[in-house]
Amino acid sequence: MKILKAIHLLLPLLNIDSYCAIELKSKNWGLATEREVSCVLEQSAKQLLPYSERFKNARFLVERSDNGPIVLYHRGPKGEYLVRLDTKDRYWCQYAFQFSHEIGHVLCGYKQGNQQNLWFEESLCETASLFTLEKLSEAWRRDPPFETWRAYAPQFIDYQRKRLKDLQPPGNFQLASWWRENKNTLSSSPILRKENLWVATRLLPLFQKDPKTGWSACAYLNQTKTASERSFRRYLVDWSTSCSSAKEKNFVKRVAQLFEISIP
């Protein structure tokens, strides 16, 4: 009986689908149980990580924070990604949104270095959150982890739509011209949630159309990142050059076209 009980307690942390392993460092999730939190995080990761072979077996240590969500640069004792989430109770949309954003950094091969183009990585992470909310809504409507959670499925897409409505860009928003006018501000202030979302709304359709190529290409985004400054065009060219397949390179080219940037 003791062995069966131990297995039951470990089930939420097992790498059942072989795409990641998640362990909770914190126990203070308010009204939510650790099993529920683990399940929501696993479900969120399932919408992103399978598209990228490089991070198929990623491991995460997750804890609560009151200072905003973040994924730390240093790793855990077994190479785990250290993620902090600023949420609690049963606000599953917040868990999914925040965790997907931090997974976005992982998918982008985040690392320390010059932050001149970090605004673009932040926009990709915003894209990851929007993408996950939409996929979770569909997944829980079709096959929820618990039958009682099926009714929650529409809330994910409602959360996404509310965010898009509350932070929508100006009516005359044109990504390329807006970027040219604001690139200095973006380079110096990468975390601008409203502006990151504006960029994400233009990136999202590319990932919806070809998620496997898109998210796998992101693994090469920061491969050549150093402390040296680079123009955004150079950043995209280096990203394309680093990609391992023609499909990934073409995906980066489509991203560049949104900014009216030509990649040879």
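Basis for what follows: all heavy atoms, side chains included, without hydrogens, waters or symmetry-related copies. Just so we're clear, the structure is a prediction, and the values are computed from it rather than from any experiment.
Under the 3.5 Å distance criterion, with hydrogens and angles disregarded, no donor-acceptor pair is assigned to the side chains of Ser38 and Glu34. Inspection of the Ser44 and Tyr95 side chains reveals no N or O donor paired with an N or O acceptor under 3.5 Å.
A salt bridge between Glu80 and Lys25 is absent, with no side-chain N of the basic residue lying under 4.0 Å from a carboxylate O of the acidic one. Under a 4.0 Å N-O distance rule, the pair Glu23/Arg59 does not qualify as a salt bridge. Using a 4.0 Å cut-off between a side-chain N of Lys or Arg and a carboxylate O of Asp or Glu, Arg150 and Glu147 qualify as a salt bridge.
Dense packing is recorded around NZ of Lys249, with more than 12 heavy atoms of other residues, nucleotides or ligands lying under 6.0 Å away.
Judged as a side-chain contact (heavy atoms from CB on, under 4.5 Å), and not counting sequence neighbours, the contacts of Asp66 are Arg64, Asp86. Shown here are the side-chain contact (heavy atoms from CB on, under 4.5 Å) partners of Asn184, two or more places apart in sequence or in another chain: there are none.
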Should Asn182 and Glu195 be marked as a side chain to side chain donor-acceptor pair (under 3.5 Å) after you check the CA-CA gap, both sets of side-chain angles, and the distance that decides it?
-> CA-CA 10 Å; Asn182 294 276; Glu195 289 78 0; over 6 Å; no
Just do the side chain to side chain donor-acceptor pair (under 3.5 Å) check on Gln43 and Trp140 with the steps written out, would you?
-> CA-CA 9 Å; Gln43 288 280 306; Trp140 283 28; 2.9 Å; yes
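Ring orientation note: the planes of Phe232 and Trp119 are tilted relative to one another, at an angle of 30° to 60°. In this structure, Phe60 and Tyr81 have tilted ring planes: the angle between them lies in the 30° to 60° band. Between Trp179 and Phe259, the two ring planes are perpendicular [angle over 60°; tilted spans 30° to 60°].
Both cation-pi conditions hold for Arg54 and Tyr220: the charged atom is under 6.0 angstrom from the six-membered ring centre and inside a 45 degree cone around its axis.
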